[in-house]
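Presented below is the structure to which this report refers.
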Amino acid sequence: MKRNILITGGAGFIGSHVIRLFVKKYPQYHIVNLDSLTYAGNMENLKDVEDATNYTFVKADIRDAEAMEKVFAEHAIDSVIHLAAESHVDRSISDPMAFVNTNVIGTANLLNAARAAWKERGLLSPLGGVGGGRFYHVSTDEVYGSLHDGGFFTEETAYDPQSPYSASKAASDHFVRAYGNTYKLPFVISNCSNNYGSHQFPEKLIPLMINNLRDGKPLPVYGKGENVRDWLWVEDHARAIDVVFHSGKDGETYNIGGHNEWKNIDLVLVLCSIMDKKLGRAAGESAKQITYVTDRAGHDLRYAIDAGKIERELGWKPSITFEQGLEQTVDWYLANDKWLRDVTSGAYRDYYAGQYSKR
Ligand code: NAD
Ligand code: TYD
């Protein structure tokens with residue numbers, strides 16, 4: 001079946017893996033990547049698909065309601081996979097309104113554009129699914145808050161967001177469900193744990209540590225390093241998005257995770273030992289860079305996903321072990337030194353923003 005799929009945030013970390021997967025696997029689909037190219041968006045991430053005949057890039061901002069209407073009309077969009085967001089918790093603490101504007105208002109703009117376009121084309125329906133529209137919101141497990149007494153987040157766990165980032169994602173999830181209930185917009189949501197892998201902006205824990213390890217800089221571990229995260233390889237998340245998009249039931253939520261919990265300090269120590277080997281350092285040398293720093297405000301203690309539903313109902317499970325994924329990730333960053341240098345320099349970002357707005 002032919003589909004015109006709008007993927008937002010496709011120049012970012014997870015979005016670029018989703019775009020690559022869809023463009024290559026589904027030549028019959030037209031994939032429209034809409035991204036405003038913030039500091040986190042990078043056209044280099046998509047070099048290998050940018051000339052594909054089933055792919056179009058649109059530089060636009062989801063905060064711009066008119067631009068959203070235009071893209072639905074110009075490309076006869078019948079499906080959305082929405083990833084565009086401000087995504088970093090620390091930035092949400094220093095600038096919460098950026099998260100309200102993009103994650104909440106931007107998502108509402110997209111929902112309005114989908115609702116109007118799909119109403120006109122008869123794609124709104126309680127059943128949606130094959131032949132109907134599909135609005136897929138890619139969300140986070142952080143909407144469930146913080147686990148303190150063991151257990152796992154399930155799809156039934158009540159929302160209890162604790163940071164401005166997770167509150168903005170929770171709000172956007174609520175808007176998606178409200179549009180489903182009120183306007184019969186066919187939707188599906190997934191809530192995923194922490195991702196790692198190639199092309200992740202080096203502000204998040206794993207690429208930041210790899211970058212600093214390589215440069216001999218301090219490795220800032222927040223608090224005592226005892227917070228726990230459940231890590232999933234980004235390509236396994238992209239595979240899960242493919243499965244949920246094609247086989248997920250309308251109106252349902254799917255939790256996605258790697259059954260792979262790590263205390264931050266233990267994870268940083270593993271990265272140090274991998275880097276000792278890769279950089280030919282003596283065992284224990286890299287760990288000397290570890291520096292305990294002031295804890296993040298309101299730091300969630302533990303996230304852990306029960307991914308039983310997507311495994312049972314849609315047959316998805318992670319494809320590689322954490323050891324394999326981390327090794328591949330470190331190798332990618334070491335082999336892509338220029339990428340790392342470029343994304344950490346403002347001039348690069350400004351250059352690309354200028355380049356693409358001229359098109
Ligand atoms: P990212 O920060 O790497 O990329 C975000 C992308 O969105 C960038 O390309 C950026 O240019 C674009 N963008 C930001 N604001 C925009 C706007 N106003 N208009 C248009 N484009 C805009 O993020 P990521 O880590 O790839 O996360 C993608 C999605 O997945 C987010 O919605 C995030 O909440 C969710 N998520 C992320 C993780 C994770 O571990 N990274 C886990 C679960 C869910
Ligand atoms: P991060 O990658 O920012 O993801 P999130 O906050 O969305 O889970 O952080 C992962 C964990 O690592 C989190 O507990 C905060 C911690 N952390 C550090 O200890 N030092 C750092 O420099 C960063 C960026 C994160």
Side-chain angles (χ1 to χ4, degrees), residues 7-19 33-43 45-46 58-64 67-68 81-93 98-99 101-103 105-107 109-110 137-143 146 163 165-166 168-169 172-173 190-197 199-209 211-212 218-232 234 237-238 240-241 255-257 262-265 267-268 290-296 299-303 305 343 349 352-353:
I7 301 186
T8 69
F13 166 49
I14 301 170
S16 63
H17 286 279
V18 175
I19 295 266
N33 172 16
L34 184 148
D35 199 298
S36 66
L37 298 179
T38 68
Y39 76 94
N42 182 351
M43 298 307 287
N45 295 352
L46 294 163
V58 175
K59 184 173 188 289
D61 194 315
I62 61 169
R63 293 171 299 180
D64 179 347
M68 295 309 101
I81 304 179
H82 175 36
L83 296 109
E86 290 291 344
S87 68
H88 189 41
V89 173
D90 291 327
R91 288 179 190 254
S92 82
I93 294 170
F99 287 68
N101 289 329
T102 284
N103 299 359
I105 296 174
T107 300
N109 281 338
L110 266 181
H137 187 221
V138 175
S139 191
T140 166
D141 62 350
E142 301 189 27
V143 298
S146 180
S163 72
Y165 164 65
S166 54
S168 70
K169 292 297 290 188
S172 54
D173 282 359
S190 60
N191 297 86
C192 187
S193 64
N194 289 60
N195 285 215
Y196 72 97
H199 303 88
Q200 186 171 30
F201 193 80
E203 64 184 354
K204 307 274 170 42
L205 181 72
I206 291 179
L208 181 135
M209 293 297 168
N211 194 30
N212 288 12
L219 309 176
V221 173
Y222 298 167
K224 294 182 180 158
E226 284 177 351
N227 303 65
V228 173
R229 296 293 182 265
D230 174 1
W231 295 93
L232 180 69
V234 64
H237 188 193
I241 289 172
N255 281 354
I256 306 170
W262 284 81
K263 267 189 192 170
N264 292 337
I265 186 61
L267 172 48
V268 171
I290 292 173
T291 311
Y292 290 93
V293 299
T294 311
D295 208 355
R296 173 187 281 171
H299 197 169
D300 286 343
L301 181 64
R302 172 173 168 255
Y303 305 144
I305 279 277
V343 298
R349 193 173 72 233
Y352 267 100

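The figures that follow rest on heavy atoms only: side chains count, while hydrogens, waters and symmetry mates do not. Read the numbers this way: they start at 1 and go in the same order the structure lists the ligands and their atoms.
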Point to revise | Test side-chain contact (heavy atoms from CB on, under 4.5 Å) applied to F13 and V234, step by step | key: CA-CA 8 Å; F13 166 49; V234 64; 3.6 Å; yes

**Study point:** Validation row, ring centre H17 to ring centre H199 under 6.0 Å
**Key:**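 Yes, close enough.
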
Show me which atoms of ligand 2 lie under 4.0 Å from any heavy atom of [X].
X    : result
V221 : 19 (O)
H88  : 3 (O)
L208 : 22 (O)
P220 : 18 (C), 19 (O), 20 (N), 21 (C), 22 (O)
Y303 : 8 (O)
H299 : 13 (C), 14 (O), 15 (C)

Checking the N or O distance criterion of under 3.5 Å, is ligand 2 in contact with [X]?
X    : result
R229 : yes
N227 : no
L205 : yes
V89  : no
E203 : no
N264 : yes

**Study point:** Shortest non-hydrogen contact between S146 and R302, atoms and distance
**Key:**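 In terms of heavy atoms, the two residues are closest at OG-N, 3.5 Å.
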
**Study point:** Minimum heavy-atom distance between N212 and P218, given as atom pair plus value
**Key:** ND2-O, 2.9 Å

From [X] atom [atom1] to [Y] atom [atom2], the distance as rounded to the nearest 0.5 Å:
X    : Y    : atom1 : atom2 : value
W262 : N194 : CH2   : CG    : 14.0 Å
N101 : T107 : CG    : OG1   : 11.5 Å
N195 : K204 : CG    : NZ    : 9.0 Å
I265 : K263 : CD1   : NZ    : 10.0 Å
R63  : I105 : CZ    : CD1   : 9.5 Å

Exercise for review: Quick one: do T102 and I62 satisfy side-chain contact (heavy atoms from CB on, under 4.5 Å)? Show the steps, please.
Suggested key: CA-CA 7 Å; T102 284; I62 61 169; 4.0 Å; yes

Exercise for review: Using non-hydrogen atoms of the residue, decide whether Y165 is closer than 4.0 angstrom to ligand 2.
Suggested key: no

Exercise for review: Measure D300 to ligand 2 on non-hydrogen atoms and call it side chain, backbone, both or neither using the 4.0 Å cut-off.
Suggested key: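 D300 to ligand 2: no contact under 4.0 Å from either part.
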
Revision key, fill the gap. Checking heavy atoms under 4.0 Å, the part of N194 that sits near ligand 2 is side chain

Review point. When you check the side-chain N and O atoms of Y39 and R91, is any donor under 3.5 Å from an acceptor?
Key: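 R91 and Y39 do have a side-chain donor-acceptor pair below 3.5 Å.
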
Review point. How about Y303 and E142: does a side-chain donor come under 3.5 Å of a side-chain acceptor?
Key: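 Yes, because at least one side-chain N or O of Y303 sits under 3.5 Å from a partner of the opposite role on E142.
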
**Study point:** Residue contacts for ligand 1, heavy atom to ligand atom, distance under 4.0 Å
**Key:** G9, A11, G12, F13, I14, D35, S36, L37, T38, A40, G41, A60, D61, I62, R63, L83, A84, A85, S87, T102, V138, S139, T140, Y165, K169, C192, S193, N194, N195

Practice item. Could you walk me through whether V138 and H237 pass the side-chain contact (heavy atoms from CB on, under 4.5 Å) test, one step at a time? Key: CA-CA 10 Å; V138 175; H237 188 193; 4.0 Å; yes

Heavy-atom nearest neighbour in the protein, as seen from [atom], with distance rounded to 0.1 Å:
atom                    : answer
atom 6 (O) of ligand 2  : R296 NH1, 2.5 Å
atom 7 (O) of ligand 2  : E142 OE2, 2.6 Å
atom 19 (O) of ligand 2 : Y222 N, 2.9 Å

Point to revise | With S139, the side-chain contact (heavy atoms from CB on, under 4.5 Å) member among D173, N103, L83 | key: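 The passing option is D173.
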
Exercise for review: Please determine which of I14, I81, D35, N33 meets the side-chain contact (heavy atoms from CB on, under 4.5 Å) test together with I19.
Suggested key: N33

